[in-house]
Structures are given as C-alpha cells and as structure tokens.
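Read the numbers this way: they start at 1 and go in the same order the structure lists the ligands and their atoms.
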Amino acid sequence: MKRVALLGATGSIGRQAIEIVEAHPELELCAATSGSTPLDDVDAAFTQVGGDVEEILERAQPDIVLNAIVGFAGIHATLWALERGVDLALANKESLVAAGELALAAQRRGGGRILPVDSEHSALYQCLEGRAPEQVETLVLTGSGGPFRGRTRDELTTVTPDEALAHPTWRMGPKITVDSATLANKGLELIEAHFLFGVPYARIEVVLQPTSVVHSLVRFRDGAALAHLGHPDMRVPISFALTYPERAATPLAPLDLASLTLVFEAPDTETFPLLALAREAGERGGTYPCVFNAANEAAVAAFLDGRLPFLEIAAVVADALARADGAPARDLDELMEVDRAARAIPVA
Ligand code: NAD
Ligand code: MG
C-alpha cells in the first residue's frame with residue numbers, strides 16, 4: 001500500500017489525482033488539503049482546508065506527497081518532502097522555480113526523490129531514464145503555444161480573461177491557463193527542467209507542437225532524438241508519478257497514429273516576451289527566478305481581476321526583474337522576503 005498525501009485536492013490536478021487513486025487498490029489517500037474550498041466529498045484519513053500543510057503532513061506521514069497546490073504557496077510542501085526523503089510527485093512547478101537552489105539542498109540532505117507531474121517533465125524523465133548525462137545533447141520542451149499562437153502584439157492589446165482561459169488542448173486551473181497564453185508557463189517549465197535534470201539553459205530548447213501530442217524530446221549526441229507521445233491528458237503523468245516504477249494501467253484509449261499529423265514551429269518570443277524573460281532570469285540565477293515567478297503570479301491575478309491588460313503582464317515582470325538585485329537567498333525566510341517584495345510592485 002502506498003499512502004498518498006494530496007495537496008490541492010480540489011483543483012484540476014487534484015481531482016484527476018483522486019480518480020487515479022480510486023482506480024488503484026495499491027494507492028490510499030492518507031491526507032487531502034485545499035486552500036479554501038471544502039473537502040466534504042473527499043475520502044481521506046486526514047483533511048485540512050487552509051492552514052499550515054506541514055501539520056497535516058506530520059500527522060499523516062505519507063509515502064508520497066502529490067503537491068498540486070498552485071503558486072509559491074506550494075513551497076512548504078516541496079521542502080517538507082525533500083528534507084525528509086519522502087517521494088515528491090511535483091505538479092507545483094512554481095516552488096521549484098522560486099526555490100530551486102534551496103530545494104536541491106534539501107534534497108541532498110534528505111534524499112527525497114522528485115517525480116515530475118508536469119507533462120513535459122514527466123516525458124523528459126521517461127526519455128532520460130537510465131542514460132548517462134554525457135550522452136544527452138539537449139532537452140526539447142514542447143508547448144501548444146496557447147490560444148493566441150500566431151497573433152501579433154496589436155491583436156493582443158484588448159484580449160479578455162475569458163479569451164485567455166480558452167486553452168486549445170488542455171483543461172487546467174486559471175493561473176496555469178493564463179501562463180500558457182503568455183508563454184510564461186513554458187518559461188517556468190524551462191527553469192523547472194534546469195533544476196530537475198541539471199542541464200544548463202543553453203542546452204534546453206523550446207518548440208511549439210500545437211496539438212500537444214508530443215510531450216517533449218531528448219536529443220542525444222549520436223543524432224538520435226527520443227520523443228514521448230500521448231493524449232493531452234494529465235491522468236497519465238499523475239499515474240506515472242504515483243505508481244512509479246510500476247507504470248500502472250490507465251483508462252485512456254491508445255493514440256490513433258494514422259490520424260495524427262505532427263507539426264512543429266518556433267515560439268514567437270517577441271510577441272510573447274515572458275519566455276525570453278524566464279530564460280534570462282534562469283541564466284542570471286540567484287533569486288531572479290523567484291522574482292520572475294512572484295511578479296508573474298501577481299500580474300496574472302490582476303489580469304484575471306480585470307485590473308491589468310494582457311500585454312502588461314510581461315511588462316510587470318520585466319519591471320520587477322529590473323528592480324531586483326537577484327542576490328541568492330540563504331534560507332526560506334530570505335526567499336519569502338524576496339517573493340513578497342516582488343509582489344509588492346504596483347500592477348495597476
Ligand atoms: P487549480 O487552481 O485548479 O487548483 C489549485 C489547488 O491548490 C486547489 O485545490 C486550491 O484549493 C489549492 N490552493 C490554492 N491556493 C492555495 C494556498 N495558498 N495554499 C494551499 N492550497 C492552495 O490549479 P491546477 O491547474 O490544478 O494546478 C496546480 C499546480 O499544478 C500548478 O502549480 C500548475 O502549474 C501545475 N500543473 C497543472 C497542470 C494542469 O493540467 N492543471 C498541468 C501541469 C502542471
Ligand atoms: Mg506542462
């Protein structure tokens with residue numbers, strides 16, 4: 001029996017994770033949390049709405065933590081699991097982006113294993129499994145390009161939250177859906193990949209694949225490239241992480257290969273500057289990725305509230321990065337201060 005603590009149980013990932021746990025007798029929900037939504041219909045030994053997640057994790061003593069909280073708020077759960085050597089199924093990319101160095105240090109001390117849930121990183125993990133690092137040339141992250149792929153900046157000046165929330169291939173929570181429309185999500189994923197796989201930014205590429213069937217690729221030094229294909233359905237990477245290394249069955253139909261046409265294109269980083277800003281923040285290191293993430297979270301919230309135009313999201317993030325000194329954080333308190341300061345920048 002594997003005892004799963006599901007954090008963010010009421011969200012898009014959380015709901016799909018419950019489906020996976022219920023379908024597998026060897027998985028048991030020992031704890032479930034949400035930020036504010038009631039958990040009355042969730043069957044878990046311990047439940048908690050709001051409050052300190054470390055408390056419920058200490059009580060539940062899970063074998064694996066699925067961190068499906070959205071945003072920087074997921075940081076405590078990420079560090080808790082890594083510090084204690086508990087497996088971490090990580091959907092909450094923001095914690096690894098903001099606290100990459102601290103998370104890796106906690107992992108070195110505690111020996112916790114990260115099983116990525118983000119579909120691209122699950123794909124890369126599978127393509128890389130069992131290979132020596134020197135064989136790997138580059139990681140290639142794929143992205144759909146979001147609902148505004150192909151548009152010009154002029155065509156984006158008046159787009160509304162409803163238009164940004166109409167994602168062409170994935171059904172997800174509102175924050176990541178807006179991030180997909182701005183390409184900030186691919187920027188966060190670039191930094192996430194750097195910390196997960198220890199590959200320098202110069203050897204991580206991004207390419208668009210609009211139907212989200214190719215979840216990512218690894219290029220090897222002999223010229224071969226391995227790709228991971230599948231339906232755009234998060235139940236697969238969730239199941240992979242929760243049942244690792246068994247790779248349990250899921251209810252998904254096989255891909256109909258004869259009906260597929262795979263098209264790739266380069267991302268338009270001028271129209272969608274957040275991807276390039278993330279790369280720059282990652283390369284500069286220190287707390288620049290934390291600042292990128294915090295300013296983006298604040299700007300996305302303001303956009304969803306109707307307080308900030310779509311194109312201003314990138315401007316707010318660029319401004320926050322320009323004001324920051326990027327000095328590395330020695331501990332979580334210092335990092336939380338950097339996060340707070342980057343959010344404090346007025347967005348309206
Ligand atoms: P969501 O908004 O649907 O759900 C978020 C969950 O987090 C909810 O249960 C909510 O109650 C909880 N929560 C929110 N604020 C909280 C706080 N301050 N403290 C504790 N809990 C809080 O989000 P989602 O789409 O399920 O995404 C969750 C995470 O997974 C994000 O980091 C996202 O980037 C990542 N992710 C999601 C998908 C997807 O398909 N939805 C794919 C890849 C990665
Ligand atoms: Mg992803």
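The nearest protein atom to atom 3 (O) of ligand 1, hydrogens excluded, is given as S12 N, 2.9 Å; this is a heavy-atom distance. Looking at atom 14 (C) of ligand 1, its nearest protein heavy atom turns out to be V70 CG1, 3.7 Å. The nearest heavy-atom contact from the protein to atom 34 (O) of ligand 1 is K93 CE, 3.2 Å. In this structure, atom 43 (C) of ligand 1 lies nearest to the protein heavy atom D118 OD1, 3.1 Å. Closest protein heavy atom to atom 29 (C) of ligand 1: I69 O, 3.5 Å. If you check which protein heavy atom lies closest to atom 18 (N) of ligand 1, you get A73 CB, 3.3 Å.
Every residue was checked against the ring-ring contact (aromatic ring centres under 6.0 Å, His included) condition with F197, not counting sequence neighbours, and none meets it.
Taking the charged nitrogens against the carboxylate oxygens, E28 and R3 do have a contact shorter than 4.0 Å, which makes a salt bridge. A salt bridge links D87 and R113; the closest N-O separation between the charged side-chain nitrogens and carboxylate oxygens is under 4.0 Å. By the 4.0 Å N-to-carboxylate-O rule, R15 lies too far from E19 to be salt-bridged with it. Taking 4.0 Å as the cut-off between side-chain N and carboxylate O, R153 and E270 do not count as a salt-bridged pair.
Those atoms of ligand 1 with a heavy atom of A68 less than 4.0 angstrom away are 5 (C), 6 (C), 7 (O), 28 (C). In the vicinity of G35, heavy-atom distances shorter than 4.0 Å reach the ligand 1 atoms 10 (C), 11 (O), 12 (C), 13 (N), 16 (C), 20 (C), 21 (N), 22 (C). Counting atoms of ligand 1 from 1 in the listed order, those under 4.0 Å from a heavy atom of A9 are 9 (O). For ligand 1, the atoms sitting less than 4.0 Å from at least one non-hydrogen atom of E94 are 31 (C), 32 (O), 34 (O), numbered in the order shown with element in parentheses. Of all the atoms in ligand 1, the ones that sit under 4.0 Å from a non-hydrogen atom of T10 are 8 (C), 9 (O), 10 (C), 11 (O). When each atom of ligand 1 is checked for a heavy atom of M234 under 4.0 Å away, the hits are 40 (O), 42 (C), 43 (C).
In summary, of the residues considered (T78, D118, D179), a side chain to side chain donor-acceptor pair (under 3.5 Å) with K93 occurs for D118 alone.
Closest non-hydrogen pair, N296 versus A184, comes out as OD1-CB, 3.8 Å. Annotation for A299 and L308: closest pair O-CD2, 3.6 Å, computed over non-hydrogen atoms. The shortest heavy-atom contact between L6 and L29 is CB-CD1, 3.8 Å.
Under 3.5 Å, the side chains of Q48 and T33 contain no donor-acceptor pair of N or O atoms.
Note that CG of N67 and CD of E94 are 9.0 Å apart. Values are rounded to the nearest 0.5 Å.
The 12-atom threshold is exceeded at CG of D52, counting heavy atoms of other residues, nucleotides or ligands nearer than 6.0 Å.
At least one donor-acceptor pair under 3.5 Å links the side chain of D331 to the backbone N or O of D333. For K2 (side chain) and Y244 (main-chain N/O), a donor-acceptor pair under 3.5 Å exists by modelled atom type.
Under 4.0 Å from ligand 1, the heavy atoms of I176 that appear belong solely to its side chain.
Close N/O approach between I13 and ligand 1 is found [any backbone or side-chain N/O within under 3.5 Å]. Considering backbone and side-chain N/O of G11, one or more are found under 3.5 Å from N/O of ligand 1. For ligand 1, the polar-atom distance check against G14 finds no nitrogen or oxygen pair separated by under 3.5 Å. An N or O contact shorter than 3.5 Å is missing between S34 and ligand 1 by distance. Any N or O atom pair closer than 3.5 Å counts here, and Q16 shares no such pair with ligand 1. Inclusion of G173 in the set of residues having an N or O under 3.5 Å from an N or O of ligand 1 is warranted.
Not less than 6.0 angstrom separates the ring centroid of F148 from the ring centroid of F272.
Residue V207 is not grouped with residue Y201 when hydrophobic side chains (ILVMFWY) are merged at heavy-atom distances under 4.5 angstrom, including chains of intermediate members.
For the Mg ion (ligand 2), protein N, O or S atoms closer than 2.8 Å were enumerated as D118 OD1, E120 OE1, E189 OE2, with waters left out.
Comparing P174, S95, A91 against atom 30 (O) of ligand 1, the shortest heavy-atom distance belongs to A91.
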